[in-house]
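Taking it in order: structure first as structure tokens, then the write-up.
Both ligands and their constituent atoms are indexed starting at 1 by order of listing. Computed from a prediction, not measured in an experiment: that's the story for all the values here. Keep in mind that the numbers below use all heavy atoms, side chains included, and drop hydrogens, waters and symmetry copies.
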Amino acid sequence: MTLSKAEIVNLLNDTAGQANLLQKADKIRQQYVGDEVHLRGLIEFSNICRNNCMYCGIRKDNKLLHRYRMSPDELVETARKAAEMGFKTLVMQSGEDMFFSQKVMCDIIEKVKKFDVALTLSIGERSYDDYKAFREAGADRYLMRIETTDKELYHRLDPNMSWQHRHECLLMIKELGYELGSGIMVGLPNQSIESIAEDLIYLKEIGIDMAGIGPFIPHPQTPLKDEAGGTLDLALRTMAVMRIMMPDINIPATTAMESLHPQGRIMALRGGANVVMPNVTEGEYRRFYELYPGKICVDDTPLHCKSCVGMKIMSIGRTIGQGYGGHNGKLPIKKI
Ligand code: SAM
Ligand code: FES
């Protein structure tokens, strides 16, 4: 459905109408993508990053953070175990860690694709040549949030980065035939409701296949530590409006939502979401991939997370998707 900026702003501001909005998004979700919830096993394989995003707990200047990097073999082994546990999609995410060169990454992708999984990469801004090589090696999806379309805000929060470049990366990824995931944070300092409305229009215009909407949660070891942060309610309303605007895309119930409220992901699944990304990273690493404080499940095991999420999903009468869970059943995408 096409909504004007004014209509989006009204919906986002309407706190009294939130329950109705989420109910409407839930109905649309059921009608267009059904009751299946797709699980994506998330592997956080390196918290080393060359960037310094003001909001992010793993930014380069956070000297208090213990840094880690899985070896390529360890990453492939983690992926193998997750596939064995039944995940049909894996998401490999990291900071912008250039140890994972084009060659290293392609080698990992080729090995992981042998496990019969759809593979999402979420490793930030790279060259066209890299994105192309990753696709050729077998990567199916790419996830990179635009964070905000307010360029002034973006440049204040992501020093030395260029909004235009991030935007162009998303276009390249799309052109190369990946399923494209993007999204935003809500509740960034000085982010207006109008700008969130513009973000949603932007995501629709570039034709994303997946949209992640998460509240910004201030991290104590970042320059934004004293900011208020985003609320779960605004994140839920934003997500619900996204579902109304793009009825058949994949929308995750984000981890950041559950970090603000023990039922955050369930509330999201009842308000338009149809994807959950349980963490399948093992051991100590989970604790060190601390984008924001209070991140859930840092002491759990992959198996525990999978069964806990599964039970929550079934407790609200939904089923767990058994396929790759692509947008419009598009997957598996052919290699290029
Ligand atoms: N490096 C990759 C990239 O830039 O896309 C992936 C990793 S990055 C840490 C993943 C996402 O975490 C970001 O796109 C951002 O939206 C989110 N994030 C970072 N810091 C956050 C915070 N303090 N609160 C909520 N979300 C945060
Ligand atoms: Fe690089 Fe956050 S600053 S992942």
Side-chain angles (χ1 to χ4, degrees), residues 40 42-63 65 67-69 91-100 105 120-126 130-131 134 141-150 153-154 157-163 165-167 169-170 172-173 178 180-189 191 196 199 203 208 210-232 234-235 238-239 252 254-260 264 277 279 281 285-286 288-296:
R40 322 287 201 206
L42 175 65
I43 307 174
E44 299 162 334
F45 65 91
S46 166
N47 70 356
I48 295 171
C49 189
R50 62 179 171 177
N51 292 329
N52 230 347
C53 304
M54 305 286 253
Y55 44 79
C56 185
I58 68 171
R59 68 198 297 269
K60 186 173 67 182
D61 280 357
N62 181 4
K63 305 289 184 212
L65 181 68
R67 301 283 169 173
Y68 73 89
R69 169 191 289 144
V91 181
M92 301 198 312
Q93 190 180 84
S94 67
E96 287 195 10
D97 180 353
M98 301 322 281
F99 166 83
F100 293 93
M105 220 47 229
T120 305
L121 299 181
S122 179
I123 60 174
E125 296 179 30
R126 305 286 293 234
D130 281 359
Y131 289 138
F134 301 156
R141 303 181 176 126
Y142 207 97
L143 175 58
M144 187 163 70
R145 290 184 178 172
I146 192 69
E147 317 294 5
T148 171
T149 54
D150 177 339
L153 177 62
Y154 182 89
L157 297 182
D158 301 72
N160 306 320
M161 291 175 76
S162 147
W163 186 90
H165 186 256
R166 200 163 180 86
H167 165 66
C169 284
L170 293 178
M172 289 180 217
I173 292 165
Y178 287 91
L180 174 62
S182 190
I184 56 161
M185 279 179 285
V186 301
L188 292 166
Q191 181 187 39
I196 298 176
D199 296 345
L203 293 172
I208 49 160
M210 194 277 254
I213 313 283
F216 156 59
I217 306 176
H219 187 292
Q221 287 149 16
T222 63
L224 302 187
K225 62 180 188 306
D226 296 324
E227 296 293 338
T231 64
L232 175 62
L234 180 58
T238 307
M239 184 202 72
T254 55
T255 307
M257 287 178 174
E258 189 122 327
S259 299
L260 290 186
M277 294 165 57
N279 196 335
T281 317
Y285 295 147
R286 287 174 177 249
F288 300 131
Y289 200 82
E290 194 194 51
L291 307 180
Y292 45 80
K295 193 165 156 243
I296 52 165

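Separation of the Phe100 and Phe45 ring centroids falls under the 6.0 Å cut-off.
Listed for the Thr254 side chain is a donor-acceptor partner under 3.5 Å among the backbone atoms of Ile213. A donor-acceptor pair under 3.5 Å is absent between the side-chain atoms of Tyr55 and the main chain of Lys225, judged by distance alone. Proximity of a side-chain donor or acceptor of Tyr289 to a complementary backbone N or O of Thr281 within less than 3.5 Å is not detected. For the pair Trp163 (side chain) and Asp158 (backbone), a donor-acceptor distance under 3.5 Å is absent. The main-chain N or O of Asn47 is found under 3.5 Å from a side-chain atom of Arg67 such that the two form a donor-acceptor pair. Of the possible donor and acceptor atoms, one in the side chain of Arg59 sits under 3.5 Å from a partner among the backbone N and O of Asn52.
Around atom 2 (Fe) of ligand 2, the protein N, O or S atoms closer than 2.8 Å are Cys56 SG, listed by chain and residue number.
Listed by chain and number, Tyr55, Cys56, Gln93, Ser94, Gly95, Ser122, Gly124, Met144, Arg145, Glu147, Arg166, Met185, Pro215, Phe216, Ile217, Tyr289, Leu291, Tyr292 each place a non-hydrogen atom less than 4.0 angstrom from ligand 1.
Between the side chains of Asn279 and Glu44, at least one donor N or O sits under 3.5 Å from an acceptor N or O.
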request  = Take Thr238 and Met185 through the side chain to side chain contact (heavy atoms under 4.5 Å, CB included) test and state the conclusion after the steps.
outcome  = CA-CA 10 Å; Thr238 307; Met185 279 179 285; over 6 Å; no
